[in-house]
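Everything below concerns the one structure shown next.
Values reported hereafter were calculated over all heavy atoms of this structure, with side chains retained and with hydrogens, waters and symmetry mates removed. On a predicted model such as this, the values are computed, not experimentally measured, just so you know.
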Amino acid sequence: DIGSEVRTDDLTTEQTIALRQALENIDLQLEGDLRRFNGLNIKRLNEINCHRGKRHRNSLPVRGQRTRTNARSRRGSKKTVTGKKK
């Protein structure tokens, strides 16, 4: 019904209503429901005290990435440590 080259700005109200109804009929979890579902999964991992839950709790990478270097986005900004005085 809607062409693949049509941009979202150019959609008519009828097309947006049809698109919204099509998404509702597919029965996908979208927006708030999906966020709630993911949050409950993470909460479950924390409660059962598994390895992934502990990593979520400590704000560390969950999927096996290295943390000695990198992982800055998960661990936050650098905290510089002063060198030892002689």
Side-chain angles (χ1 to χ4, degrees):
D1 186 1
I2 302 171
S4 61
E5 68 280 347
V6 177
R7 293 187 173 257
T8 55
D9 298 342
D10 302 333
L11 289 175
T12 62
T13 55
E14 295 84 17
Q15 289 174 329
T16 56
I17 291 169
L19 189 60
R20 187 168 292 150
Q21 288 174 349
L23 288 173
E24 288 174 1
N25 292 339
I26 295 175
D27 195 36
L28 291 173
Q29 288 182 334
L30 299 174
E31 295 199 26
D33 295 333
L34 185 60
R35 282 194 199 92
R36 192 175 308 110
F37 178 74
N38 288 338
L40 288 173
N41 277 338
I42 292 172
K43 192 173 185 179
R44 178 184 56 84
L45 291 172
N46 282 331
E47 287 173 359
I48 64 175
N49 211 19
C50 68
H51 181 260
R52 282 174 59 199
K54 290 177 185 176
R55 303 294 284 186
H56 274 292
R57 208 176 309 141
N58 295 330
S59 297
L60 291 169
V62 177
R63 297 185 179 178
Q65 297 94 329
R66 68 176 320 173
T67 56
R68 184 171 181 169
T69 60
N70 301 332
R72 278 270 68 97
S73 59
R74 194 74 174 127
R75 291 168 51 200
S77 61
K78 287 185 178 180
K79 298 172 186 74
T80 55
V81 178
T82 58
K84 290 185 178 181
K85 293 185 178 179
K86 292 184 179 180

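Among all heavy-atom pairs drawn from R75 and N70, the shortest one is NH1-O, 3.8 Å.
At most 12 non-hydrogen atoms from other residues, nucleotides or ligands lie less than 6.0 angstrom from CZ of R52. Heavy-atom neighbours of E31 CD from other residues, nucleotides or ligands within 6.0 Å: at or below the threshold of 12. For R74, the CZ atom is densely surrounded, since the number of other residues' heavy atoms within 6.0 Å is greater than 12.
Using a 4.0 Å cut-off between charged side-chain N and carboxylate O, R7 and D10 make no salt bridge.
Distance check, rounded to the nearest 0.5 Å: NZ of K54 to CG of N46 gives 11.0 Å. A distance of 12.0 Å separates CG in L45 from NE2 in H51, rounded to the nearest 0.5 Å. Residue T67 holds its OG1 atom at 10.0 Å from CZ of R72, rounded to the nearest 0.5 Å.
In this structure, the side chains of P61 and R55 come closer than 4.5 Å at one or more pairs of heavy atoms.
Hydrophobic clustering (side-chain heavy atoms under 4.5 Å, transitive across Ile, Leu, Val, Met, Phe, Trp, Tyr) groups L30 together with I26.
For R68, the side-chain contact (heavy atoms from CB on, under 4.5 Å) partners are R66, not counting sequence neighbours.
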Check your understanding: Could you go step by step and tell me if V62 and H56 meet the side chain to side chain contact (heavy atoms under 4.5 Å, CB included) rule?
Key -> CA-CA 7 Å; V62 177; H56 274 292; 3.6 Å; yes
Extract all donor-acceptor atom pairs below 3.5 Å that involve side chains of residues 16-24 and protein atoms in other chains or at least two apart in sequence.
unit_1 : atom_1 : unit_2 : atom_2 : d
T16    : OG1    : T12    : O      : 3.4
T16    : OG1    : T13    : O      : 2.7

